[in-house]
Amino acid sequence: MKFNEFNLSADLLAEIEKAGFVEASPIQEQTIPLALEGKDVIGQAQTGTGKTAAFGLPTLEKIRTEEATIQALVIAPTRELAVQSQEELFRFGRSKGVKVRSVYGGSSIEKQIKALKSGAHIVVGTPGRLLDLIKRKALKLQDIETLILDEADEMLNMGFLEDIEAIISRVPENRQTLLFSATMPDAIKRIGVQFMKEPEHVKIAAKELTTELVDQYYIRVKEQEKFDTMTRLMDVDQPELSIVFGRTKRRVDELTRGLKIRGFRAEGIHGDLDQNKRLRVLRDFKNGNLDVLVATDVAARGLDISGVTHVYNYDIPQDPESYVHRIGRTGRAGKSGQSITFVSPNEMGYLQIIENLTKKRMKGLKPASAEEAFQAKKQVALKKIERDFANEEIRSNFEKFGKDARQLASEFSPEELAMYILSLTVQDPDSLPEVEIAREKPLPFKPSGGGFGGKGKGGRRGDDRRDRDRRRDNRRGERRDDFKKGSRKNDRFEKENRYRKDNKKPRNTSSEKKTGFVIRNKGDK
DNA sequence: AAAAAAT
C-alpha cells in the first residue's frame with residue numbers, strides 16, 4: 001500500500017513525498033487507518049520498520065493548527081529519543097504548520113517553558129521533565145486528544161510506571177491512546193491495556209522477533225580476552241559505523257578509553273554525562289566524525305542512525321528485550337547489518353534466554369587471531385593508499401606524513417611510498433598498546449520464569465518450574481542434534497572462511513575444547 | 001541487578 005492511498009491531507013503527503021517515502025511498511029499500513037479512525041492501538045513490529053511515522057502521521061493529521069492548544073503528547077524513555085521523535089514529527093508536520101516541542105531533563109527548563117508558551121500542538125518528552133513542567137503549571141494537558149507511549153513496554157516497566165501513571169492521570173479520559181514498541185511482554189501489555197479503551201493489538205506477524213536483515217552472531221570468550229577479541233573482529237569487519245554496548249556507565253568509560261588507545265575514533269554515551277556532551281557525541285556519530293559509539297542501554301532503543309553496520313554486545317544484555325532493541329540499531333529501513341554478542345562461559349544461559357525470546361539462533365563465531373586482524377587492516381590501508389596514489393593530489397595527501405614528504409615523493413616509486421605510508425599507518429599486532437577492562441562482578445543468574453528475574457512470580461511457581469525443566473530438556477536435545485549433524489559447526493566454518501583465505505582451521509580456544517556446545521546453566525546439574 | 005528519568 002502506498003502512502004497516498006491513506007486518508008491523509010495534502011500537506012502531510014507533500015512532506016512524505018519529500019522524504020522519499022512511497023510504500024508504507026506493514027505496521028504503517030495496518031495501524032494508520034485504525035489510528036485515523038480514532039481507535040486505541042497497540043502497535044508491535046520489528047525494529048526499523050517505521051513505527052514513529054505509524055503513530056506520527058495519524059496524530060499529525062488530527063491536529064487542528066488553528067487552535068493554540070497541546071493536542072497530543074508523546075512520552076519517550078530517553079532524552080535523545082524524545083529529540084529524534086520531535087524532529088521527525090516536525091518534519092512531517094512542517095507544511096501543515098504543526099508546532100512540535102520536545103521537553104527533557106538536563107537542559108534549561110526556562111527555555112523549554114518559553115518554547116511551550118510560544119505555542120505547541122504536540123509535546124514530546126521524557127517523564128521526569130514532563131512532571132516537573134506539570135507541577136510548575138507550565139504544561140497543561142487538559143486538551144490532549146492523543147497520548148502516545150513510544151517504546152511502550154519500557155515506559156510501563158518498573159522504574160517508569162509510577163511517573164507514567166502520574167502523567168496519564170492528568171490527561172483527559174476521553175482520548176486516544178497509542179502504544180508502540182518492537183517488544184511487548186504479556187505482563188506489560190496487561191498493564192498498558194488498563195490505560196486504553198478496547199485497544200486493537202496490531203502485531204506484525206513474523207517468525208522471529210528480530211529482523212532478518214541483521215545477521216546475528218555470538219562469540220564465546222573469556223572475560224579477560226573480550227577486549228582483544230572485539231578489536232580484532234572490528235579490524236576484520238571494518239564496520240562503517242558501529243555501536244558497542246556495555247553493561248554499566250563505568251564500563252562504557254573504560255571501553256571508550258581502550259578503543260581510543262587502539263586508534264578507533266570512539267566516544268561514549270551514558271546517563272552520567274552532561275546532556276550537551278550526550279547530544280554532541282550522538283551528532284558526531286551521525287555526521288561520521290566518529291566511527292564507534294560506545295553506549296549503555298541509553299542508546300538501545302529507538303535511535304535511528306543510518307550507516308550503522310555493526311552492533312557489538314561487549315556485554316550480553318541484561319534483559320532479553322534489550323537485546324532485540326540493541327541489535328535493532330542496525331538493519332534498519334531495508335539495509336542489512338550484523339550483530340556480535342560476546343558471551344563468557346558462565347553467561348551461556350543468557351544466550352539461551354535471548355534465543356527463546358527472539359526464536360532465532362545466533363551463529364557461533366571463532367575469534368580472529370591478531371595476525372588475521374593485522375592482515376585485514378593492512379589490506380584496507382593498502383587499498384586506501386592505492387586510491388590516494390591514483391589521485392593527482394597524491395603529494396598533498398602524502399605531505400601529512402612528514403617534513404620530507406615532497407622530497408621523498410620525488411625520489412621514490414609509488415610502490416615504495418605506499419610501503420612507507422603503510423608502515424606508518426598500520427601497527428604491528430605485537431606492538432599494540434595493552435588495554436585492560438576491569439572485570440565486573442558476574443551477572444546474577446535467575447533461571448526462574450524464563451526472564452532475567454522479576455517474572456514468573458505469583459501463584460504459578462510450580463508450573464513455571466515444570467515448564468522450565470521441559471524447556472531445558474528440549475534445548476539440550478536440539479543442541480545435541482545440532483552437534484551430531486554438524487550444522488553449528490558448519491555455521492562456524494562458513495564465517496571463518498571470511499577471515500581465512502588459506503582455509504586453515506583457526507586454533508581452538510581451550511574453553512571450547514572443554515565444553516563443546518553443551519549449555520551449562522547454574523540451574524542445571 | 002543495571003540503566004533510564006527532575007533538580
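All heavy atoms count here, side chains included; hydrogens, waters and symmetry mates do not. Quick note on labels: first sequence line is chain A, next is B, and so on, each numbered from 1.
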How long is the line joining [atom1] of [X] and [atom2] of [N], in whole Å?
X	N	atom1	atom2	result
A:R250	B:dA4	CZ	P	14 Å
A:Q112	B:dA6	CD	P	9 Å
A:R301	B:dA5	CZ	C1'	14 Å
A:N157	B:dA5	CG	P	15 Å
A:L273	B:dA3	CG	P	12 Å
A:I269	B:dA3	CD1	C1'	13 Å
A:R79	B:dA6	CZ	C1'	8 Å
A:E80	B:dA5	CD	C1'	11 Å

Hey, does [X] reach any base, or is it just sugar-phosphate, or nothing, if we go heavy atoms under 4.0 Å?
X	result
A:D297	nothing
A:G271	sugar-phosphate
A:R136	nothing

- prompt: Within the modelled atom types, does a donor on one side and an acceptor on the other bring the side chain of A:K249 and the base of B:dA4 under 3.5 Å apart?
  reply: no
- prompt: Any idea which heavy atoms bring A:A368 and A:V236 closest together, and the distance?
  reply: CB-CG2, 3.9 Å
task: Compare every heavy atom of A:E225 with every heavy atom of A:V221, then report the nearest pair and how far apart it is.
output: CG2-CB, 3.7 Å
query: Counting just side-chain N and O atoms, does A:T296 come under 4.0 Å of either OP1 or OP2 of B:dA4?
result: yes
task: Check whether any side-chain N or O of A:R278 sits under 4.0 Å from OP1 or OP2 of B:dA4, and answer yes or no.
output: no
Among [options], which nucleotide has an atom closest to any side-chain atom of [X]?
X	options	value
A:K135	B:dA2, B:dA6, B:dA5	B:dA6
A:D132	B:dA2, B:dA6, B:dA4	B:dA6
A:T126	B:dA4, B:dA5, B:dA3	B:dA5

message: Would A:K363 and A:Y218 count as a cation-pi pair here, with the cationic atom under 6.0 angstrom from the ring centre and within 45° of the axis?
response: no
- request: Determine, stepwise, if the pair A:F342 / A:K222 fulfils side chain to side chain contact (heavy atoms under 4.5 Å, CB included).
  value: CA-CA 9 Å; A:F342 297 86; A:K222 278 189 221 145; over 6 Å; no
task: Check whether the side chains of A:H325 and A:T47 place a donor and an acceptor atom closer than 3.5 Å, and report yes or no.
output: no
